[in-house]
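This report refers to the structure that appears directly beneath it.
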Amino acid sequence: MHPNIRAAIWMIGAIVSFSVMAIAGREASAELDTFEIMMYRSFVGLATVCLILSVSRNWHMVTLENLGLHAARNLAHFGGQNLWFFALTAMPLAQLFALEFTTPIWVLLLSPVLLKAPIRPVGLLAAGIAFVGILIVARPGSAPIGIGFGAAALCAVFFALTFIATKKLTQRNSTASILFYLTLMQAVFGIVFAGHDFDVALPSFAVVPYVVIIGLAGLVAHFCITNALKIAPASVVAPIDFIRLPAIAIVGALVYDEVIDVWVILGAIIIFSANYLNIISEMKHSQDLTKG
């Protein structure tokens, strides 16, 4: 089987997992606040990672290196994920996913500061195009921009910080170590923030399956994306990931009677085009450096 086809299959798994997590998160929010959802999600993730490490006997891969960077990465991810779960309850699913696609643009803009990576003119052009896409999704003046929009836009920034920190961690840390500290630290963050008012809600028997699904779907989604990127270039994987938007728009329409907004789809296409322009430009730049 061609590597690109195998990558597409992995990405279909990621798309299904993200969509399932979105539905489960919205259902769980009927009883749990975002901090509680994150706490229980982290418990499920931590138990799963520990089980896998024990069965595979790979605990030696978990080290104490870069604990400060692990903490910074997981605090950023915790913040972004909480904002994402909150936005799930405050806006249409398609609009949330469209704004989430701005994460690569934020990585591009923040990398010169955090990774000392130069930004090229094409990168600035891509950022400008993505901003136009955001304006189309938001359509300022046509309707009030609510707190859900702000949460979704900000979660993309936090996810970008997470990506940058992860890039640094992968230089000296194993995937097993990164996933272990991801789930462990976010479980601690969840306990602290969920329990700040000394009132932590226990999920009912009806909601427990949704909490388990959230934890497992998140791990599966990232596992699928990682495998897709291992066997195919980003220029192949990125366009497949964009299928998430129409897929979740259809899910929102079927499950929650959400109207499929043509403007959101158009804005998302423009945001995706900006990301794709940057990916192709970076690949060409890397090839030129190799030839030189």
Side-chain angles (χ1 to χ4, degrees), residues 8 11-34 37-38 41 80-106 128-160 206-207 209-211 213-214 217-218 220-221 224-225 238-276:
M11 286 307 299
I12 290 172
I15 291 165
V16 171
S17 297
F18 278 127
S19 300
V20 168
M21 187 170 69
I23 295 173
R26 183 170 281 188
E27 295 299 321
S29 67
E31 290 187 12
L32 307 172
D33 62 33
T34 55
I37 291 174
M38 277 298 295
R41 174 198 171 172
Q81 198 68 73
N82 273 286
L83 289 166
W84 190 86
F85 278 121
F86 174 78
L88 269 178
T89 66
M91 67 192 307
L93 295 175
Q95 194 175 34
L96 169 60
F97 276 49
L99 291 172
E100 189 184 349
F101 279 125
T102 62
T103 295
I105 298 300
W106 283 111
I129 294 173
F131 182 69
V132 172
I134 294 172
L135 292 179
I136 292 175
V137 171
R139 298 194 304 286
S142 63
I145 297 179
I147 189 172
F149 182 91
L154 189 57
C155 86
V157 179
F158 278 97
F159 287 153
V207 170
Y210 292 119
V211 172
I213 289 171
I214 291 168
V220 170
C224 288
I225 291 174
I240 300 171
D241 187 40
F242 182 66
I243 298 173
R244 271 202 291 154
L245 182 73
I248 202 63
I250 293 171
V251 169
L254 295 176
V255 179
Y256 299 108
D257 296 322
E258 294 178 356
V259 177
I260 297 179
D261 192 329
V262 175
W263 290 106
V264 171
I265 300 295
L266 176 60
I269 290 173
I270 292 175
I271 292 170
F272 164 76
S273 299
N275 288 324
Y276 195 60

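For reference, positions follow the sequence shown, starting with 1.
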Report, one line per pair, each donor and acceptor closer than 3.5 Å where one atom sits in a side chain of residues 91-101; sequence neighbours left out.
from: Q95; atom 1: NE2; to: V137; atom 2: O; distance (Å): 3.4
from: E100; atom 1: OE1; to: W84; atom 2: NE1; distance (Å): 3.2

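Atoms CG and CD1, from L266 and I136 in turn, are 4.5 Å apart once rounded to the nearest 0.5 Å. Note that OG of S29 and CD1 of I214 are 8.5 Å apart. Values are rounded to the nearest 0.5 Å. Taking CZ of F85 as the start and CZ of R41 as the end, the distance is 5.0 Å to the nearest 0.5 Å. Atoms SG and CG, from C155 and L88 in turn, are 9.5 Å apart once rounded to the nearest 0.5 Å. Here CG of N82 is found 4.5 Å from OG1 of T34. Values are rounded to the nearest 0.5 Å. The CD1 atom of I134 sits 12.5 Å away from the CD1 atom of I129 when rounded to the nearest 0.5 Å.
The shortest non-hydrogen separation linking A87 to G148 is CB-O, 3.8 Å. Closest of all the heavy-atom pairs between W106 and A160 is CB-CB, 3.5 Å. The nearest pair of heavy atoms linking A14 to I225 is CB-CG1, 3.7 Å. For I15 against A247, the heavy-atom pair with the smallest separation is CG2-CB, 4.2 Å. Between F86 and A151 the shortest heavy-atom distance is CD2-CB, 3.8 Å. The minimum heavy-atom distance between T102 and A156, with the atom names listed, is OG1-CB, 3.2 Å.
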> Please walk me through it: do F18 and V220 pass side chain to side chain contact (heavy atoms under 4.5 Å, CB included)?
Replying inline: CA-CA 9 Å; F18 278 127; V220 170; over 6 Å; no
> What do the steps show when you test V207 against V211 for side chain to side chain contact (heavy atoms under 4.5 Å, CB included), and what is the final call?
Replying inline: CA-CA 6 Å; V207 170; V211 172; 4.0 Å; yes
> Does the side chain to side chain contact (heavy atoms under 4.5 Å, CB included) test come out yes or no for M21 and I213, once each step is laid out?
Replying inline: CA-CA 7 Å; M21 187 170 69; I213 289 171; over 6 Å; no
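Taking 4.5 Å as the limit, every side-chain heavy atom of F158 sits out of range of all side-chain heavy atoms of T103. Counting heavy atoms from C-beta on, the side chains of L32 and Y210 never come closer than 4.5 Å.
Applying the salt bridge (Lys or Arg N to Asp or Glu O under 4.0 Å) rule to pairs touching residues 16-32 yields R26-E258, sequence neighbours excluded.
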